[in-house]
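Protein chains get the first letters and strands the later ones, always in sequence-line order, with residue 1 at the start of each.
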Amino acid sequence: MKYNNRYFPHPVLGIRDDVIGEFSCDFTVEVSDTKTIFTPKVKLLNKDLEKLIDTDQADYCMQIYCRATMYREVFTIYDPIGSQFQISSSRLNGETEVDFFLCASKDIETYKNDFFNADYEDYGFELEKGDIIAYGGKGLFFANKAPEELKSVSAIMNIKNSGKANGPFYNDYDGPKITLFLSDNDFNLYQSLIDYDCFVPVVHSSIVFPALYETVCFMEYDESASQFEDYEWYKIIRKRIDDDPGTTLLEKVQNILDLPINRSLKSMEGIFDNDNY
Amino acid sequence: MKDKIELKIFSNDYVDYLLKQVEVYGKVEPFYTESPDWEEKTPRGRTNLFLPTDFKLKMPEGSQISYDLENSISLYEKIVGINETIASDPRLWTWLSHIYFWDYMRARWPVEGVKNPIGRITDRYYMKYLKLESLVRHGISRLWWYAHLTCDENRDDKYELTRILLSKADITVGIMERSLGSNKNIRTALLEILSENPEISEKEDEWRKLFISVNLLGGVKNLPFLSVEEIKTKVIQII
């Protein structure tokens with residue numbers, strides 16, 4: 001669910017420049033077989049909103065929403081740095097959205113804020129319980145997936161044979177994972193090499209790296225890629241690209257694959273040394 | 001004699017393969033046959049999901065009597081070992097719709113005479129994306145999810161809300177295929193309003209207005225933050 005493109009009948013901190021101030025939120029997740037524990041941290045910099053919290057007229061809230069299990073619940077955060085929320089791990093599966101709000105916990109006859117945008121200066125707004133008065137943004141979490149699993153290429157890609165004897169490989173995006181179709185001859189060679197650890201980095205740099213780069217360019221520059229945005233591979237790559245500190249797509253893809261060229265060159269150097277050339 | 005049967009799941013690859021056969025290659029012939037030769041491509045290991053050996057879904061009678069309510073309650077009560085995570089696994093529901101409940105699927109969701117058979121098949125026999133629309137459209141998964149999301153042990157009739165939900169197909173779609181249906185308080189408030197106000201539930205214009213109003217309200221308010229009674233009061237005020 002998107003909140004930051006909505007038009008509210010009153011100014012909302014965090015939506016465009018309605019209100020001056022800061023409402024930043026973050027969370028960590030701890031997962032066990034039975035429990036998933038969310039630990040949110042919120043920071044609010046706006047005196048009038050802080051006053052609403054202090055006078056029990058507003059609450060910090062965290063909404064957890066998982067489309068795959070029809071789970072959508074809101075938790076009230078009473079301690080901005082020390083609250084924890086525990087839910088059964090079986091309630092979530094796959095992409096889970098975590099949104100943060102500041103909501104009116106009572107009806108407020110006249111809501112004013114000294115830090116309203118000049119357009120609303122001196123205006124008062126009537127608020128009802130549940131009205132969103134600040135939006136702290138969205139975080140994503142992939143439930144029932146270990147961090148290693150999300151990082152692994154196998155979480156987002158399959159390699160299969162295309163049924164054609166020869167020819168270039170190509171990506172097929174229509175499925176829960178991207179499928180890289182190699183020609184039959186290439187696929188046979190790939191299968192004969194992939195069981196040797198020393199060749200895995202070479203495969204990563206020669207097959208997976210260009211395929212992933214092509215995918216990321218497709219996602220970034222081709223509007224038709226949006227038809228695949230409900231697939232898990234899309235969400236995982238999107239999150240990894242958005243979170244990556246790299247400045248170019250080329251850099252980001254190399255980071256996602258843990259510097260495939262470097263690993264490949266080192267591996268080839270090892271093969272070269274072992275063969276005593 | 002065994003009194004329960006352990007359910008299976010298809011492998012991920014086989015589910016992808018089957019769906020591609022329909023979507024990409026347009027191969028819909030098996031869906032017109034009584035006994036298609038689906039392969040039992042299942043991963044190794046146990047599922048620990050069980051149904052009584054004699055369990056059957058009630059067959060619909062023509063296009064008018066679907067028995068969705070009866071089937072929803074009986075499947076929900078009889079399937080053992082399931083939780084929400086498992087119930088969002090397309091491999092389970094695809095196996096059930098293609099193998100275990102094939103006769104039921106053919107009767108409830110036939111492709112004969114349908115304008116867009118590929119659409120019907122991908123909608124009702126597969127779960128292409130992991131999201132609420134898929135869960136409540138798949139021919140078998142919808143039955144479990146309807147009862148699961150509306151069963152309330154604190155009521156005299158714990159399936160009271162399930163009965164309201166399934167009283168009209170458009171009400172089911174209106175609540176379950178929108179994100180507002182994923183929150184228990186909103187779902188309960190809507191179903192209670194429909195139950196307590198026959199002047200709304202019996203007139204299509206009125207309940208459509210109700211859904212639109214709740215959607216608009218949810219655009220500015222954080223409805224899941226409110227109690228069922230508070231949501232009901234606010235919704236009644238604006239319709």
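The candidate with the highest count of non-hydrogen atom pairs below 4.5 Å against chain B, out of A:His10, A:Lys160, A:Glu95, A:Lys129, is A:Lys129. Heavy-atom pairs under 4.5 Å with chain A peak, among B:Ile231, B:Leu149, B:Ile186, at B:Leu149.
Listed here is the closest heavy atom pair of B:Tyr129 and A:Asp230: CD2-CB, 3.4 Å. Contact record, A:Arg67 with B:Leu135: O-CD1, 4.0 Å, taken as the closest heavy-atom pair. A:Ala68 approaches B:Trp145 most closely through the heavy-atom pair O-CZ2, 4.2 Å. Between A:Val74 and B:Pro224, the shortest heavy-atom contact is CG2-CB, 3.5 Å.
Heavy atoms of B:Leu226 lying under 4.5 Å from chain A belong exclusively to its side chain. Contacts of B:Met127 with chain A are absent, with no heavy-atom separation under 4.5 Å from either backbone or side chain. The contact between B:Val136 and chain A is made entirely by side chain atoms (from C-beta outward), counting heavy-atom distances below 4.5 Å. Neither the backbone nor the side chain of B:Glu133 comes within contact range of chain A, judged by heavy atoms closer than 4.5 Å. With a 4.5 angstrom heavy-atom cutoff, B:Lys234 touches chain A only via side-chain atoms. In this structure, no portion of B:Leu223 lies under 4.5 Å from any heavy atom of chain A.
For the pair B:Ser88 (side chain) and A:Thr69 (backbone), a donor-acceptor distance under 3.5 Å is absent. Panel note: side chain B:Asn222, backbone A:Gly130; no donor-acceptor pair is recorded below 3.5 Å. Not a single donor-acceptor pair under 3.5 Å links the side chain of B:Ser182 to the backbone N or O of A:Met70.
For A:Asp172 and B:Lys20, the salt-bridge test passes: some basic side-chain N is under 4.0 Å from an acidic carboxylate O.
Of the residues listed (B:Asn12, B:Leu19, B:Asp16, B:Leu130), the one engaging A:Pro176 in a side-chain contact (heavy atoms from CB on, under 4.5 Å) is B:Asp16, and it is the only one.
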Stepwise side-chain contact (heavy atoms from CB on, under 4.5 Å) check, B:Lys128 with A:Tyr231: CA-CA 9 Å; B:Lys128 191 172 174 182; A:Tyr231 283 128; 2.7 Å; yes

Assess the residue pair B:Glu23 and A:Asp174 against the criterion (side-chain contact (heavy atoms from CB on, under 4.5 Å)); give the C-alpha distance rounded to whole Å, side-chain angles, the decisive distance to 0.1 Å, and a yes or no. CA-CA 10 Å; B:Glu23 272 202 314; A:Asp174 197 9; 3.8 Å; yes

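Distance OG1/B:Thr85 to CZ/A:Arg91: 9.5 Å, rounded to 0.5 Å.
Taking 4.5 Å as the limit, every side-chain heavy atom of A:Ile132 sits out of range of all side-chain heavy atoms of B:Lys221.
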